[in-house]
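I have placed the structure first, in the form of structure tokens, so that the comments after it can refer back to it.
Within every chain, numbering begins at 1; the chains are lettered A, B, ... in the order of the sequence lines, protein sequences first and strands thereafter.
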Number of protein chains: 2
Amino acid sequence: MKLNGFITPDGYTSDIAVFTITSEPNGDHKPPLKKLKIMLIKRSESDHEGNPNMEAGKWALPGGFVRSTETSLQAAEHKLEEETGVSGLRIKHFGTYDSPNRDKRGWIISNAHYVIAKEEALRNRKTTYDASDIQLFTINEAICLPLAFDHRQIIDDALWFIKKDMALTTLAQHFLPEEFVLSELQGVLLTILDDSSISTDAAFFRKAPKLPFIEAVTENGQLKKSNRYSKTPAQLYRFTDFQPMVSIYNQKLKG
Amino acid sequence: MKLNGFITPDGYTSDIAVFTITSEPNGDHKPPLKKLKIMLIKRSESDHEGNPNMEAGKWALPGGFVRSTETSLQAAEHKLEEETGVSGLRIKHFGTYDSPNRDKRGWIISNAHYVIAKEEALRNRKTTYDASDIQLFTINEAICLPLAFDHRQIIDDALWFIKKDMALTTLAQHFLPEEFVLSELQGVLLTILDDSSISTDAAFFRKAPKLPFIEAVTENGQLKKSNRYSKTPAQLYRFTDFQPMVSIYNQKLKG
DNA sequence: AAAATAGTGTCTATGAGACACTATAAA
DNA sequence: TTTATAGTGTCTCATAGACACTATTTT
């Protein structure tokens with residue numbers, strides 16, 4: 001269809017960068033090792049009609065064409081559910097990729113999203129007709145793989161957004177159980193942020209309980225504790241509804 | 001064109017929210033009154049071929065269809081140049097609007113951008129065949145106008161992004177001359193941010209010179225001053241290349 | 001001299017950062 | 001008793017915020 005003499009795009013797609021933080025047990029009464037990972041699919045050799053697939057065999061972000069009855073965000077939601085069985089997560093749009101030559105099939109526009117999934121949610125992931133394999137990779141592994149289209153760029157950008165959001169919003173809560181212990185929060189933050197006030201135990205354990213967006217959990221008027229990662233019972237915390245807002249005009253000054 | 005059986009969009013457009021801060025003289029040796037404004041166009045009754053225009057007579061963001069040889073960002077750049085004669089500004093993409101029913105003509109996807117223009121750059125703005133009028137409005141004025149399509153929502157979102165960027169990036173420099181006086185910076189910040197550490201003179205004048213991303217201007221080894229807004233000569237400053245990064249895990253704590 | 005902007009001096013309270021210390025429970 | 005995590009005590013230095021004060025120039 002041409003409107004006002006302008007050529008219309010040949011396709012409108014939605015891609016999703018699915019991140020998770022895996023926890024490897026590190027011995028009893030010790031905090032687990034946490035690593036940021038991204039879920040990628042291996043593109044099938046042929047599609048469900050048997051036609052050879054574009055960029056077959058390469059690894060790619062899950063995603064697909066947007067229907068004309070939905071937004072790209074809605075498409076991202078149901079694609080994610082189709083491909084991983086996961087739903088109900090907060091998907092975030094972070095960019096549009098519309099370079100005319102990014103896809104050899106024509107002028108295909110992609111909206112990129114990211115989402116934080118709990119590790120358990122991805123455990124029962126399944127391949128579909130589009131994907132011959134589906135796996136979690138650390139970021140270092142992912143950028144060494146042969147990636148389809150401009151997905152290398154999209155992953156780079158997604159990482160930048162996730163870092164920004166981890167520093168500026170309460171994004172960390174989506175990587176954590178509802179009630180968590182300070183060392184868990186610290187572990188999540190350190191997979192993405194590099195800051196001495198987080199990595200130094202004394203500083204972090206002193207400051208974190210006073211952050212305006214988390215609160216101690218109580219039960220029957222008692223402070224609720226857990227020793228899931230330590231011999232000493234540790235206080236449980238949860239995020240509050242408070243939305244913090246910071247400003248560069250209110251930060252540390254130069255010497 | 002249909003690809004893999006999916007319907008393709010009927011149009012791909014690019015809209016631009018053009019912001020400026022106007023300065024009204026407020027008497028000699030006084031800082032001018034500054035106000036945040038947005039530039040809107042009034043949609044013509046008919047297009048350049050004489051056909052009646054959709055949403056005619058309503059106010060709208062400047063923009064238009066993206067060519068198949070360009071990205072929506074490039075489209076935003078040349079649309080802005082066509083409609084205001086302004087080029088070389090840093091345009092920023094902030095959102096995609098692709099709700100199937102946002103435009104009665106069909107499934108038309110819009111990418112939304114914002115840009116900060118200097119007041120002078122918009123002074124020689126001109127109407128085109130698309131626009132019967134083009135004017136600057138304060139935000140309060142703009143949201144009371146009859147606006148085309150979902151542009152009310154886009155303007156709301158743009159405002160939120162500009163506030164965020166003003167607080168978190170050195171965006172303020174695009175509203176200022178290269179060399180500025182502290183009261184000018186304060187005036188710009190106060191059009192968008194509401195913070196006592198900015199509005200309180202003593203606090204702001206003490207802290208601002210030490211911010212890591214601005215530096216005092218010198219000339220022939222002397223501190224360079226200006227009395228454009230005051231009887232007392234005031235120190236001139238400029239932004240440095242430093243990119244500040246703040247974090248909510250490093251902010252003020254609760255009592 | 002008066003008025004207006006542009007700062008500075010000084011005080012107090014709070015927080016950051018470093019380092020040593022205590023507390024708790026399992027093995 | 002040893003060990004590992006989870007904190008706290010205390011010190012020093014830097015900064016935020018408030019308020020009064022000084023400095024510079026025009027009228």
Side-chain angles (χ1 to χ4, degrees), chain A residues 23 25-34 179-187 190 194-212 214 216-217 222-237 244 246-255, chain B residues 23 25-34 179-187 190 194-212 214 216-217 222-237 244 246-255:
Chain A
S23 294
N26 192 22
D28 274 0
H29 305 294
K30 298 187 83 168
L33 289 175
K34 288 182 181 290
E179 299 182 352
F180 56 89
V181 130
L182 291 185
S183 64
E184 287 181 281
L185 174 59
Q186 187 187 29
L190 288 178
D194 177 33
D195 186 316
S196 73
S197 76
I198 296 171
S199 59
T200 307
D201 284 353
F204 186 76
F205 281 90
R206 187 187 309 274
K207 182 172 3 183
K210 290 185 177 174
L211 288 170
I214 72 174
V217 180
Q222 298 275 359
L223 290 171
K224 190 173 173 192
K225 310 221 172 193
S226 156
N227 58 350
R228 56 183 130 171
Y229 297 133
S230 63
K231 297 164 183 171
T232 314
Q235 178 61 46
L236 286 167
Y237 293 88
V246 291
S247 159
I248 59 170
Y249 296 96
N250 223 330
Q251 71 169 332
K252 267 175 285 189
L253 309 179
K254 61 191 170 194
Chain B
S23 293
N26 191 22
D28 275 357
H29 304 293
K30 295 187 88 166
L33 288 176
K34 289 182 181 289
E179 299 181 354
F180 56 89
V181 130
L182 290 185
S183 65
E184 286 182 281
L185 173 60
Q186 188 187 29
L190 287 177
D194 176 34
D195 186 317
S196 72
S197 76
I198 296 171
S199 59
T200 308
D201 284 352
F204 186 76
F205 280 91
R206 188 187 309 273
K207 182 175 0 184
K210 291 185 178 175
L211 288 169
I214 74 173
V217 180
Q222 298 274 359
L223 290 171
K224 191 173 172 191
K225 311 222 171 193
S226 157
N227 60 350
R228 57 182 129 172
Y229 296 133
S230 63
K231 297 165 183 171
T232 313
Q235 178 61 47
L236 287 167
Y237 293 87
V246 292
S247 161
I248 58 169
Y249 295 97
N250 223 330
Q251 71 169 333
K252 266 176 288 188
L253 309 179
K254 61 190 171 194

For the helix from dA1(C)-dT27(D) to dA27(C)-dT1(D), how many degrees between its two end axes (five pairs per end), to the nearest 10°?
10°
State the CG-CD distance between Asp201(A) and Gln186(A), to the nearest 0.5 angstrom.
5.0 Å
So, taking the atom named CD1 in Ile214(A) and the one named CG in Leu236(A), what distance separates them when rounded to the nearest 0.5 Å?
11.0 Å
Send over the distance from Tyr229(A) OH to dT3(D) C1', rounded to a whole Å.
21 Å
Can you tell me how far the OH atom of Tyr237(B) sits from the CG atom of Leu182(B), to the nearest 0.5 Å?
4.5 Å
Would you name the heavy atoms of Lys34(A) and Gly187(A) that are closest together and state the gap between them?
CD-C, 3.8 Å
Between the main-chain N or O of Val217(A) and the side-chain N or O of Gln235(A), is there a donor-acceptor pair closer than 3.5 Å?
yes
Quickly work out the Lys30(B) NZ to dA6(C) P distance and round it to whole Å.
11 Å
Between CD of Gln235(B) and C1' of dT5(C) the distance, given in whole Å, is 15 Å
Heavy atoms under 4.0 Å, any strand shown: does Ala234(B) hit a base, just sugar-phosphate, or nothing?
sugar-phosphate
Tell me the interatomic distance from Leu182(B), atom CG, to dG7(C), atom C1', rounded to whole angstroms.
9 Å
Which of the following nucleotides, dG17(D), dA4(D), dA6(D), is nearest to the side chain of Ser230(A)?
dA6(D)
For Ser197(B), which contact category applies under a 4.0 Å heavy-atom criterion: base, sugar-phosphate, or nothing?
sugar-phosphate
Mind listing the closest non-hydrogen atom pair of Pro233(A) and Asn227(A) along with its distance?
CA-CB, 4.1 Å
Categorize Ser183(B) for me: base, sugar-phosphate, or nothing, with a 4.0 angstrom heavy-atom threshold over every strand shown.
sugar-phosphate
Could you state the interatomic distance from CD1 (Ile198(B)) to NZ (Lys207(B)), rounded to the nearest 0.5 Å?
8.0 Å
Specify the separation, in whole Å, of atom NZ of Lys225(A) and atom P of dT5(D).
18 Å
Quick one: pull up CG in Asp195(B) and CZ in Phe204(B) and give me the separation to the nearest 0.5 Å.
10.5 Å
Which letter, B, S or -, goes with each nucleotide of nucleotides 20-27 of chain D from 5' to 3', with contact meaning a protein heavy atom under 4.0 Å?
---BBBB-
Nearest-angstrom distance from the residue atom CZ of Phe204(A) to P of dA16(C):
13 Å
Here the gap from Ser183(A) atom OG to Lys30(A) atom NZ, rounded to the nearest 0.5 Å, amounts to 12.5 Å
Between dG17(C) atom C1' and Phe205(A) atom CZ, what is the distance in whole Å?
16 Å
From CG of Leu185(A) across to P of dT5(D) the rounded distance in Å is 18 Å
